[in-house]
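Only one structure is covered here, and it is reproduced in the block below.
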Amino acid sequence: MELLERQELLDDLVARLRDAAPAGGHVVVVEGESGIGKTSVLRALAARAPATGLRVLWGACDALATPRPLGPVHDMAARGATAARDGLLAGGRAHEVFEGLLADLATPSLAIIEDLHWADEATLDLVRFVGRRMATTPSVLVVTLRDDEVGLGHPVRAVLGDLATSGWLRVRLEPLTEAAVRQLAAGHDVDPDELHRVTGGNPFYVTEVLAQPGATVPRSVRDAVLARVGRLPERSRAIVELVSVEPGSFGRRLLRQLGQDDRAVDEALRAAVLVDDGAGLRIRHELARRAVEDGLGAERAADLHRRLLEALAADPDTDPARLAHHAAAIDDPAAGLRWSTAAAERAARSSANREAAAHYERAVRHVDRLAPAEGAALLASYAEVLSLVDQATRAVEVLEEAVARYEAAGDRVAAWTTRAQLARAVWTAGRSVEGYALIDRVVHALEAEEDDPRVAEAFAIGGYLAMLDRRTEDAATWSRRAIGLAERHEQRGALSLALNALGAARIVGREDLEGVDDLRRSGAEAEALGNRRGVAGMYSNLGSGLGEIRRYDLAVPALEDAVEYGAAHELELTRHYAMAWLARIRFEQGRWDEADALATAAIGGAEASPISPMVALCARGRTRARRGTPAADDPLSDAWRIAEASGDLQRTWPAIAGVAEAAWLTGRPTTGILDDLAPVLALARDRG
């Protein structure tokens, strides 16, 4: 098939490859609907890359039920990205893999990531991280995506927005013109105008129609694909059907394991139904693969998925996300539990938290197959990733079930330490008083269990929630106790959280700036563990704590770092909370335009946690009150309503102070407001 109406773009891209080494690298985003020719352009570009002095590193995101974490990097690692491969082999921590790929791109390279719309969270973070730094390399990063599958809320949008300031090139491939379709149809018994009308100029659709001898324009491309496959000999057709249920590449060795004949494979390749992409065999287009898979029938599809699952499971290097994909397609609870759990754990290690949550959700459907303690551990892991993706209410439900299963197993310590996690989730869900009461029960129940390493984290959570409740002495006591236990039992996760709690308590409770060192140490521990939640918590607590004691010179840079880190790692709770605190600081500094804009951006949507809106609504309402804006009461009333429901002092005092100030400024009666303010003031005095 000729590469029509793409030559000018191809020449421009080749020129960019030549310029990358002397002038610095950059990012190219190639967009367009499915079948528009993105892969064809990149294959032509890759063929020319060696002449420009660049090697080719090619990776793809696959249409698995849940994406495999860092899938494109695994592909690139197999094609020469040795530093990225070392990061994957070292455990797949996202930051190590990111740094590794950036090191690989120090060698002039054309790095291609196809189908970014199917990417997992970690791959999106990788593109953001590497994309911002391409100018420091002699390489070019090209990503493709289907713009018709990327809606306003799609996470790819945020990545594209972050790359917009990095000197990128964004290209959208358009359908072929009528003239191009006529040129392609020359010599075929088909009406070229009708062909253009029905296919819309989509090159893949045009190709499928013209591939049929005596072509007529079918009612659908699916019909054209199935007709093409149907003309293959039976043994080749069976191979195509088998390949159709695997969204990734299919190795010849695997086909041989499944009893398939190499000659039949070659027949399918010669017919251009299958292609060899270097990593393995694929049906040459995702639309065609889906057409074949959809035509299999449920029983035939399940049989092929089962055969593939058995063969792939025999290879210990198989990505568990692939195994989970095939297990989900058959009625086998044991396989679903095993492989969804393995895929979730691997995704979590790569910080692909949305994918981890999706895999855990499938795994816990079969939790009753496990012993009570094993089931409880699975649920606790699921709840952790739910917290990371800001689904606190669901995390509470899952942790309550985990506690019940540990109780049934007779593991008292595990039940109480899981209640500590539950208390933190309850607080995050906006039920602060309930969370504080529960954590107090936990730490007292575990006081005699210090020989158990699991207790360190429970005490760290105790210190953290006491800090949030502004009980400074309790926070310091429990945090220091947790630090001692964590160091004794080598529990670095608990150590990071306890240092965070101690540092924040010293700042907000005592205005002791040595707490900054504790917080920074907590962040370093979290970074070493690949714990993004811990790193984000360091930035946000450093900024909000210093903001609370009016050290704006130190608070603002930390909050700006929190916003950037939250955006880079899709930690929306962190990003919104830091923006809300920046709004509060700008309000207090009299920079009211900035305060109002930041507050508006920080409030988030209907599903957002109530934590950030409480801060943002106060800033917005107080700004409007000081400006004499009539609409000041609405955000302040909303802030007070949410804060009062939480019962959390750090939320109630700014909210009721804002309501009181607005009434005072406008001369309105304050009797009812004073009734609300008095107990909050008394509690604030009690807490020092």
Side-chain angles (χ1 to χ4, degrees), residues 333-334 336-338 340-345 348-349 353 356-357 359-389 391-429 431 434-466 478 481-482 485-486 488-498 501 529 531 533:
L337 174 62
R338 177 184 179 185
S340 291
T341 301
E345 291 170 348
R349 285 195 299 272
N353 296 311
H359 284 303
Y360 274 127
E361 191 276 329
R362 290 191 185 91
V364 299
R365 295 172 189 171
H366 312 296
V367 70
D368 289 338
R369 299 180 64 86
L370 297 173
E374 291 176 313
L378 176 65
L379 290 163
S381 297
Y382 180 29
E384 174 64 17
V385 296
L386 286 170
S387 297
L388 294 174
V389 297
Q391 295 185 31
T393 300
R394 177 65 178 138
V396 168
E397 296 169 355
V398 172
L399 285 168
E400 287 173 339
E401 185 178 349
V403 169
R405 288 177 182 269
Y406 276 129
E407 293 280 13
D411 191 336
R412 176 183 178 276
V413 172
W416 280 106
T417 55
T418 304
R419 284 190 181 95
Q421 298 170 31
L422 175 60
R424 190 179 184 186
V426 165
W427 180 88
T428 306
R431 294 152 51 187
E434 185 180 341
Y436 296 146
L438 177 56
I439 197 63
D440 285 348
R441 288 172 53 210
V442 170
V443 292
H444 290 302
L446 292 174
E447 283 192 83
E449 306 288 352
E450 292 193 2
D451 289 335
D452 193 313
R454 295 173 292 180
V455 172
E457 183 181 13
F459 286 176
I461 295 173
Y464 193 84
L465 291 180
W478 288 113
R481 194 165 177 181
L485 288 171
R488 188 170 111 203
H489 295 299
E490 298 183 349
Q491 299 289 305
R492 294 183 69 186
L495 177 61
S496 173
L497 182 59
L529 293 170
N531 178 3
R533 185 181 190 181

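Annotation: E447, atom CD; neighbour count of heavy atoms from other residues, nucleotides and ligands within 6.0 Å is above 12.
Atom-to-atom distance recorded for E407:CD and T418:OG1 is 9.5 Å, nearest 0.5 angstrom. From D451, atom CG reaches atom CZ of R488 across 5.5 Å, with rounding to the nearest 0.5 Å. The distance from the CD atom of E361 to the CZ atom of R394 is 7.5 Å, given to the nearest 0.5 Å. For the atom pair CG of L379 and CD of E401, the computed distance is 4.5 Å after rounding to the nearest 0.5 Å. Atom CH2 of W416 sits about 11.0 Å away from atom NE2 of H444, to the nearest 0.5 Å. With rounding to the nearest 0.5 angstrom, the CZ atom of R365 is 8.0 Å from the OG atom of S340.
Taking all atoms of both residues into account, the shortest heavy-atom contact from A392 to T428 is CB-CG2, 3.9 Å. Contact between A501 and A460 at its shortest, heavy atoms only, is CB-O, 4.4 Å. In plain terms, the two heavy atoms of G336 and H366 that are nearest each other are C-CD2, 4.1 Å. When all heavy atoms of A429 and V396 are compared, the pair lying nearest together is CB-CG2, 4.5 Å. Nearest heavy atoms, V443 versus G462: CG1-CA, 4.0 Å. Y360 and S381 get closest at one heavy-atom pair: OH-CB, 3.3 Å.
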key: Step-by-step side chain to side chain contact (heavy atoms under 4.5 Å, CB included) determination, R424 to L497   = CA-CA 12 Å; R424 190 179 184 186; L497 182 59; 3.9 Å; yes
query = Which is it for R454 and D411 under the side chain to side chain contact (heavy atoms under 4.5 Å, CB included) test, yes or no, and what are the steps along the way?
reply = CA-CA 12 Å; R454 295 173 292 180; D411 191 336; 3.1 Å; yes
Side chain to side chain contact (heavy atoms under 4.5 Å, CB included) between T417 and E457, worked out = CA-CA 8 Å; T417 55; E457 183 181 13; over 6 Å; no
ask   = Can you list the steps and then say if L370 with R405 is a side chain to side chain contact (heavy atoms under 4.5 Å, CB included)?
value = CA-CA 10 Å; L370 297 173; R405 288 177 182 269; over 6 Å; no
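The shortest distance between side-chain heavy atoms of V426 and L422 falls below 4.5 Å. No side-chain heavy atom of H489 sits under 4.5 Å from any side-chain heavy atom of L495. Within the 4.5 Å cutoff, the side chain of Q491 has no heavy atoms near those of the L485 side chain.
Using cut-offs of 30° and 60° for the angle between ring planes, the W478 and F459 rings count as tilted.
Between the side chain of S496 and the main chain of R492, no donor-acceptor pair closer than 3.5 Å is present.
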